[in-house]
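Report on the structure given below.
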Amino acid sequence: MDAEIKLLIDNAKLTALSNGMVDRSTLKKLLELKPGSEECEYLGKASREVMIKHTGGYVRIGSSIGVDIAPCPMNCQFCSLGEEWGLVTETHILTDDQILSLAKSVVDKGFTQITLRTTEYFSHQKLCQLGRKIRAAIPGDYMLTANTGEVTTKMADELFYSGFTGMYHTLRLREGIDTPFDPQTRIDSINSIQDSKLMHTVGIEPIGSEHTDDEILDMIEYFRNLDLVSVCIMKRVNVAGTPLSRYAEISDDRFAQIVAVARIAGGLRWGVATHPVIPKTLEYGANHITVETGANPRDDLQQIECWEPYNHQEAMKLIIDSGLKLGQASRDGLYERTSLKTGDSVPKIRSESTHGRFDLSERIRNGPVMLYFYPQEYRHISQEYEKDLNRHFDDFVKRNIALVCINDESVESHKTLVKNIDSRYEHISDTDMKIAKDYESYIIRDSSEDSIGKTNRELFLIDTDAKLKYHWRARLADETIPVDCLISQIDEALRL
């Protein structure tokens, strides 16, 4: 092995392990290595070490469901759906029941990510509806990702409140050359997602033999300026009859090499996903592989069964055979989405209430305030839990804590509830859910589709310095914490 290259790789690995930024010139030298060479194999081992530190050696399996297939007027030169190529001549859309069945089968197998992949002009409102249906019908701690057309921040947040946790959207190689898209249009959507509540995944894709090292590095440098969950490395799978099929596909060795460089470039900042499933990528630092079902832009058929070459069982075996562990839960988990942590200053609140006008900054002058977010007032559990809180009214008074209830009902509705259950607490109206969104308190899972995105059951204890002292979140909308236990945890939080 070349001693100089070995030292270069060792230094790059150390920089990545410390989450530093490996410079472009080093990354280019790594991309210039001969695929499959001794030096490239050494790079793969170094990259895998970085992955193991980043993930603990866990690899996730995602399942991407192609919702629809249709001739597309955009005619991207790598895509089989381009209407000019004549490979796809009819529109097919999976039924809601088919999508739910596929999604349920994925979750039942223990996998933790589902992506709904649509064509460019698929209805945004329909996609939101599918998100709510999936969350209502399928319990479980799984991520739900959208891979669809261009979005604004408002659209991205609507997807979030419909049960989606992330979105895949990227600037593709030779955008505006091999595609008719204005690169700025793609960048605008990327910026919109970055400004939204969705987690964001991008991709270096679709890589063909014609793409240069510098083109790949340009993508890496752009992505390093974004806040990303992961970067997907995707090789182009040629479909006969598409214009770019005249270029050869990259080899598995070259594919794995690019995966390794992306891992070294990202350090501990992002995960690395790959598509299609190539075993060697796991040896070179990938921590996420995807099995596809339904419509696929790399084929001219819509398959309900898994897209070759791997199904879920084979993908699982591949991970185990690679000496890695099957990830059962996301490190950036579904219920760790809140950016508000204990000790942080909390958002301001000014709103109408059953007591007239509530201003958090004024109220905490008299002592700590407990904000109790709760789901719709007609839910039996909400009324029964507030009755229990009411029985402990004096316990809160003794601690000089003002408990205030919040949801998206009107003041008039709150007054009716207060009268019906003889509540002694002030109730804040949050009809536009601004407060719930500021505090990131909204339902992700529920048996009722209409509840997804509504106010969740959560408790926030705000101290007199306007900082968060304690937080409890329901994982399911009807979950509660016994009030005796709540008071005990409050006492502990106030002592700290």
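Starting from 1, each residue takes its place in the sequence as its number. Side chains included, hydrogens not; waters and symmetry mates left out as well; all remaining heavy atoms used.
In this structure, Asp178 contributes its side chain and Leu173 its backbone to no donor-acceptor pair below 3.5 Å. Not one N or O on the side chain of Glu49 forms a donor-acceptor pair closer than 3.5 Å with the backbone of Ala46. Side-chain atoms of Ser47 come within 3.5 Å of backbone atoms of Tyr284 as a donor-acceptor pair (strictly under, hydrogens ignored). At least one donor-acceptor pair under 3.5 Å links the side chain of Ser189 to the backbone N or O of Val151. The main-chain N or O of Trp270 is found under 3.5 Å from a side-chain atom of Arg263 such that the two form a donor-acceptor pair. Checked by atom type and distance alone, the side chain of Glu221 never pairs as donor or acceptor with a backbone atom of Arg24 at under 3.5 Å. Checked by atom type and distance alone, the side chain of Asp430 pairs as donor or acceptor with a backbone atom of Ala436 at under 3.5 Å.
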Give the intermediate values and the outcome of side chain to side chain contact (heavy atoms under 4.5 Å, CB included) for residues Lys28 and Asp214. CA-CA 7 Å; Lys28 185 165 186 179; Asp214 281 318; 3.0 Å; yes
Is there a side chain to side chain contact (heavy atoms under 4.5 Å, CB included) between Asn147 and His169? Walk through the geometry before answering. CA-CA 7 Å; Asn147 181 353; His169 200 82; 5.8 Å; no
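A side-chain donor-acceptor contact under 3.5 Å links Tyr470 and Gln489. For the 3.5 Å distance criterion, the side chains of Asp253 and Ser251 fail to qualify, holding no donor opposite an acceptor. Side-chain N/O atoms of Thr290 and Ser64 include no donor and acceptor closer than 3.5 Å. Using modelled atom types, one finds a donor on one side chain and an acceptor on the other under 3.5 Å when comparing Gln257 with Arg254. Between the side chains of Thr26 and Asp23, at least one donor N or O sits under 3.5 Å from an acceptor N or O. Side chains of Gln77 and Thr242: a donor-acceptor N/O pair is absent below 3.5 angstrom, by distance only. Side chains of Asn238 and Tyr247: a donor-acceptor N/O pair is absent below 3.5 angstrom, by distance only. Under 3.5 Å, the side chains of Asp182 and Gln184 contain no donor-acceptor pair of N or O atoms. Between Asp68 and Thr119, the side chains place a donor N or O and an acceptor N or O closer than 3.5 Å (distance only, hydrogens not considered).
To the nearest 0.5 Å, atoms OG1 (Thr212) and CZ (Arg174) are separated by 6.5 Å. Here Tyr142 contributes atom OH and Ile114 contributes atom CD1; the two are 5.5 Å apart, rounded to the nearest 0.5 Å.
Ile5 has its side chain within reach of Leu33: a pair of non-hydrogen atoms, C-beta onward, lies under 4.5 Å apart. Here the side chains of Gln113 and Thr145 are in contact, with some heavy-atom distance below 4.5 Å.
Cation-pi contact between Lys437 and Tyr161: present, with separation from the ring centre below 6.0 Å and deviation from the ring axis of at most 45°. Cation-pi geometry between Arg236 and Phe78 is not met: the NZ or CZ atom fails to fall both under 6.0 Å from the ring centre and inside 45° of the normal.
Phe373 has its ring centre less than 6.0 Å from the ring centre of Phe460.
Between Asp252 and Lys235 there is a salt bridge, since at least one side-chain N of the basic residue sits less than 4.0 Å from a carboxylate O of the acidic one.
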